[in-house]
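The structure under discussion appears below in the form of C-alpha cells.
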Protein chains: 2
Amino acid sequence: MGLSKSDLFSKEHNEIAALARAFAHPARVAIVFHLLETKDCINGELVLELGLAQATISQHLRELKELEIIRGTIEGTKMSYCINPDKWFEIKQVFDTMFDQFEQPTDGDCC
Amino acid sequence: MGLSKSDLFSKEHNEIAALARAFAHPARVAIVFHLLETKDCINGELVLELGLAQATISQHLRELKELEIIRGTIEGTKMSYCINPDKWFEIKQVFDTMFDQFEQPTDGDCC
DNA sequence: TAATTTCATCGCAATATTACGATTATCGAG
DNA sequence: CTCGATAATCGTAATATTGCGATGAAATTA
C-alpha cells in the first residue's frame with residue numbers, strides 16, 4: 001500500500017521525519033542555501049539559479065513555507081523570502097538532540 | 001514528470017538531500033532511535049516494536065544500510081544491527097555545518 | 001537430514017512526490 | 001483602466017516511495 005500510517009509512530013518520530021523531508025530534495029536544499037547566502041530572494045531569481053520551472057520552484061517554496069522554515073513577504077509584484085530564525089533554531093535543536101543521543105560503545109564492539 | 005534531475009544540483013546539495021531522506025520517514029526514525037537506545041537489535045524485535053510487516057522493516061533497514069548509517073552482522077540465524085559511528089558523526093557534521101550557516105540579520109528585519 | 005527460525009528479496013498494488021504547462025490573481029507602470 | 005511582470009494555483013503526467021504477501025536462502029535445532 002501507500003504511505004505512512006503515521007499513527008503507528010510517535011509524535012516525535014513523525015515530527016523529525018516531517019522536518020527531514022524538507023531537506024530531502026536537492027532543489028529545496030539549494031533554495032535554503034541560497035536564502036542562507038543572500039538572506040533575501042525572489043522566486044524569479046531562483047528560477048534562473050536552479051534550472052527548474054517557475055511552478056516547480058513555487059511548489060518547493062510552499063512546502064518550506066508550510067513547515068515555517070521560510071517566510072515570504074510581498075515586495076511589490078515580487079516576493080521576498082527568508083529563513084525563519086525561530087524555526088531554524090528549533091530544527092537545529094531537534095537534530096542536535098538526536099545526533100547527541102549516540103553513545104560510543106565503550107566496552108566491546110557491538111557489530 | 002518525475003524525480004530530480006540530480007545533475008541540476010550541486011554534489012553537496014544532492015548529498016544533503018540523500019542524507020535527509022534517510023530520516024524522512026517515521027519508521028526509519030523509529031528504527032534509528034531504537035538502535036540509539038539499545039545499541040543492538042534485530043529485525044524481529046522491530047517488527048514487534050513498530051507495527052509494520054517484516055518485509056517492510058527489512059526494506060527500511062536496507063536503505064539505512066545503503067547509506068552506511070547502520071551496519072548489520074549475522075548473529076546465528078538473527079541479525080544484529082547498530083549505528084555506524086563514523087557515518088553518524090559525518091552526518092552530524094554535515095547538518096551542523098548547514099545549521100551554523102545562518103546569520104541573524106543584525107541590521108534591519110528582512111521579512 | 002528434515003523441520004524451524006530469521007531475515008532478505010521479488011513482484012505487485014497503493015500512494016506520494018516531482019515537474020511543468022496553462023491559468024489565475026495581484027501589483028505597479030503607463 | 002489596460003498592460004506587463006511576477007508568483008500562486010490547478011490539472012495532469014511521470015516517477016519514486018511504501019507496504020506487504022509470497023518466496024528464497026542460510027543457519028540452528030531436533
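We name chains A, B, ... by the order of the sequence lines, and we start the count at 1 in each one.
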Mind checking what makes salt bridge (charged side-chain N to carboxylate O under 4.0 Å, His left out) contact with B:Asp86, not counting sequence neighbours? none
Measure the distance from CZ on A:Phe23 to P on C:dT17 and round it to the nearest whole Å. 17 Å
With respect to the side chain of B:Asn43, which nucleotide from D:dG19, C:dA19, C:dA8 is positioned closest? C:dA8
Any B:His25 side-chain N or O less than 4.0 Å from OP1/OP2 of D:dG19: yes
Please confirm whether the shortest side-chain N or O distance from B:Arg28 to OP1 or OP2 of D:dT18 is below 4.0 Å. yes
Distance, rounded to the nearest Å, where B:Gln59 contributes CD and C:dG11 contributes P: 13 Å
Closest of D:dG19, D:dT9, C:dC20 to the B:Leu52 side chain is D:dG19
Let me know, please, whether B:Lys78 or A:Ala27 comes out on the 5' side of the other along DNA chain C by nearest nucleotide. B:Lys78
Any pair counted as salt bridge (charged side-chain N to carboxylate O under 4.0 Å, His left out), so long as it reaches residues 46-58 of chain B, sequence neighbours left out: none
Which residues pass the salt bridge (charged side-chain N to carboxylate O under 4.0 Å, His left out) test with A:Glu90, sequence neighbours left out? A:Lys87
Looking at A:Lys78 and A:Glu45, does any basic side-chain N land under 4.0 Å from a carboxylate oxygen? no
Does A:Arg21 put a side-chain nitrogen or oxygen below 4.0 Å from OP1 or OP2 of C:dA16? no
Taking only the side-chain nitrogens and oxygens of B:His60, find out if one of them lies under 4.0 Å from OP1 or OP2 of D:dT17. no
What protein N or O atoms touch nucleotides 22-30 of chain C N or O atoms at under 3.5 angstrom, if any, and at what distances?
none

Contacts of B:Gln93 meeting side-chain contact (heavy atoms from CB on, under 4.5 Å) (sequence neighbours excluded), chain-then-number -> B:Thr97
Once side-chain contact (heavy atoms from CB on, under 4.5 Å) is applied, do any residues pair with B:Lys65, and if so which ones, sequence neighbours excluded? B:Ile70, B:Tyr81
